[in-house]
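Below is one structure; the comments refer to it alone.
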Amino acid sequence: MVGKVRKAVFPVAGLGTRFLPATKAMPKELLPIIDKPLIQYAAEEAIDAGIDTLIFVTGRHKRAIEDHFDNNQELNMALLAKGKIKEAKMIKNILPSGVECIFVRQPEHLGLGHAVLCAERVVGKEPFAVILADDFVNYKDNAPTTQLVQRYENTRKNQISIMEVNGPDLTKYGVIIPGIKPGSVIGLIEKPKIENAPSNLASIGRYVLTPDIFDILRKLPVSADNEIQLSAAINIQAEKNEVESVTLDGVRFDCGNKKDYVAAIKYVAKNYKFE
């Protein structure tokens, strides 16, 4: 197994039904926080963590994501012709040199675990990050993915990002069973009833995983929702003392729902330099 985390998987095949009609023709991952789409924030977070291969698990209606990260020579020339040098550099430098995008199709909507499994051939036998663009995190210093990568490279264990969630919202998340040692995880329960929750520590959309997760995902039965649950695979690893958690350092918004999406825009707008 290669030790360095070089690849990140972005599951982006979802239909985005909570944002219809906006997402009828536009992927929800391209919804902007002011002028930058959610998926670009996620990609930049991965690149900041030293990742150079971005693997997008897409669906048939997500071609616009590929176009976003591709070169648009016509637009570039049009901007230069109008003297808009800053804007031309902006669209040309969406990805720095040396960073590669790879696009893989998810043929069926069978959940997050299945989406990750679709990336197996590209990931190979390397550790890799999983980043959910819906989970928008505003941070000051180290990004969540950077923290997970650094921790993985120290301990060689799977890493998940967690945060405290109190009240009924806890039932919307995978909830960890913490071990005795700080940061250790001995279980991960998907969407428990509030009275059965083992803690108030919820897993959010940032992971660094070892490639043996693919073997586990292949053997998992589908859930009652006809999905292959990534949390179920991580739970099996946790039971083997192979999972650790890192507490989120930043402000997180679940931009898969309208309320948090609007709140994220307002939060970023506080420090945005409008021209």
Side-chain angles (χ1 to χ4, degrees), residues 5-19 23 26-31 37-43 45-46 51 53-66 68-69 100-137 144-145 148 158-161 172-174 188 190-191 202-237 243 254-257:
V5 181
R6 300 173 45 250
K7 298 176 179 178
V9 174
F10 301 85
V12 292
L15 297 173
T17 53
R18 284 183 285 183
F19 281 88
T23 50
M26 180 181 72
K28 66 174 180 177
E29 294 81 11
L30 289 181
L31 290 171
L38 289 166
I39 192 62
Q40 188 173 332
Y41 280 102
E45 182 179 328
I51 289 166
T53 305
L54 312 181
I55 305 163
F56 298 90
V57 181
T58 71
R60 59 179 298 274
H61 58 297
K62 297 297 183 90
R63 178 62 184 270
I65 294 176
E66 186 172 351
H68 177 73
F69 289 104
E100 180 182 13
C101 292
I102 299 173
F103 296 86
V104 178
R105 283 284 183 97
Q106 184 181 16
E108 299 178 82
H109 294 285
L110 294 177
L112 178 57
H114 181 258
V116 171
L117 190 57
C118 288
E120 179 181 13
R121 289 191 179 184
V122 183
V123 171
K125 300 297 183 182
E126 301 181 33
F128 64 102
V130 176
I131 301 176
L132 307 188
D134 281 0
D135 277 317
F136 173 74
V137 181
T145 301
L148 296 180
N158 297 275
Q159 304 292 329
I160 60 176
S161 189
K172 301 176 183 178
Y173 296 87
L188 179 62
E190 180 69 14
K191 297 179 180 178
S203 171
I204 65 163
R206 301 291 189 274
Y207 313 83
V208 168
L209 303 172
T210 53
D212 59 302
I213 194 83
F214 296 123
D215 289 332
I216 299 172
L217 287 168
R218 262 193 302 274
K219 297 172 184 176
L220 283 179
V222 295
S223 68
D225 297 329
N226 197 36
E227 294 186 346
I228 297 174
Q229 298 284 359
L230 180 62
S231 58
I234 295 174
N235 180 60
I236 291 173
Q237 292 178 316
V243 178
D254 176 9
C255 289
N257 70 71

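On a predicted model such as this, the values are computed, not experimentally measured, just so you know.
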Quiz item: How many angstroms lie between NZ in Lys62 and NZ in Lys28, if you round to the nearest 0.5 Å?
Solution: 6.5 Å
Quiz item: Strictly by modelled atom types, are Glu108 and His114 linked by a side-chain donor-acceptor pair under 3.5 Å?
Solution: no
Practice problem: Could you tell me the separation between the CD1 atom of Ile213 and the CD atom of Glu120, rounded to the nearest 0.5 Å? | Solution: 11.0 Å
Quiz item: Looking only at heavy atoms, which two atoms of Asp134 and Gly256 are closest? And how far apart?
Solution: OD2-CA, 3.8 Å
Exercise. Mind checking the CG-SG spacing from Leu31 to Cys255? Nearest 0.5 Å is all I need.
Key: 8.5 Å
Quiz item: Side chains of Val12 and Pro27: closer than 4.5 Å at any heavy-atom pair?
Solution: no
Self-check item: Over all atoms of both residues, closest heavy-atom pair of Ala129 and Ile51
Solution: CB-CD1, 3.9 Å
Quiz item: Can you find a pair of side-chain heavy atoms, one from Phe214 and one from Val116, that are under 4.5 Å apart?
Solution: yes
Practice problem: State, yes or no, whether a side-chain contact exists between Val9 and Leu209 at a heavy-atom distance under 4.5 Å. | Solution: no
Quiz item: Looking at side-chain heavy atoms only, is the closest gap between Lys7 and Ile102 below 4.5 Å?
Solution: no
Practice problem: Determine, stepwise, if the pair Thr58 / Glu66 fulfils side-chain contact (heavy atoms from CB on, under 4.5 Å). | Solution: CA-CA 9 Å; Thr58 71; Glu66 186 172 351; over 6 Å; no
Quiz item: Of the non-hydrogen atoms in Phe10 and Ala46, which two are nearest, and what is the gap between them?
Solution: CZ-CB, 3.9 Å
Self-check item: Worked verdict on Lys172 versus Asp254 for side-chain contact (heavy atoms from CB on, under 4.5 Å)
Solution: CA-CA 11 Å; Lys172 301 176 183 178; Asp254 176 9; over 6 Å; no
Practice problem: Would you give the length of the straight line joining atom CG of Asp212 to atom NZ of Lys125, rounded to the nearest 0.5 angstrom? | Solution: 9.0 Å
Self-check item: Heavy-atom neighbours of Arg218 CZ exceed 12 at 6.0 Å
Solution: yes
Practice problem: Measure the spacing between OH of Tyr207 and CD1 of Ile234 and express it to the nearest 0.5 Å. | Solution: 5.5 Å
Quiz item: Do you know which two heavy atoms are closest between Thr23 and Gly16, and how far apart they sit?
Solution: OG1-O, 2.6 Å
Quiz item: Parallel, tilted or perpendicular for Phe103 and Phe56, by the 30°/60° rule?
Solution: parallel
Quiz item: Distance-only, no hydrogens or angles: does the Arg206 side chain make a donor-acceptor pair with backbone N or O of Val130 under 3.5 Å?
Solution: no
Quiz item: What are the two closest non-hydrogen atoms of Gly111 and Gln106, and how far apart are they?
Solution: O-NE2, 3.4 Å
Quiz prompt | Sole candidate of Leu148, Val208, Thr145 that passes side-chain contact (heavy atoms from CB on, under 4.5 Å) when paired with Ser161 | solution = Leu148
Quiz prompt | Verdict with reasoning, Leu112 to Gln229, per side-chain contact (heavy atoms from CB on, under 4.5 Å) | solution = CA-CA 6 Å; Leu112 178 57; Gln229 298 284 359; 5.9 Å; no
Self-check item: Ile65 side, atom CD1; Gln40 side, atom CD - distance, nearest 0.5 Å
Solution: 12.5 Å
Exercise. Indicate the atoms forming the closest heavy-atom contact of Gly205 with Asp135, along with that distance.
Key: N-OD2, 2.8 Å
Exercise. Take Leu15 and His61 through the test side-chain contact (heavy atoms from CB on, under 4.5 Å) and record every step on the way to the result.
Key: CA-CA 8 Å; Leu15 297 173; His61 58 297; 3.6 Å; yes
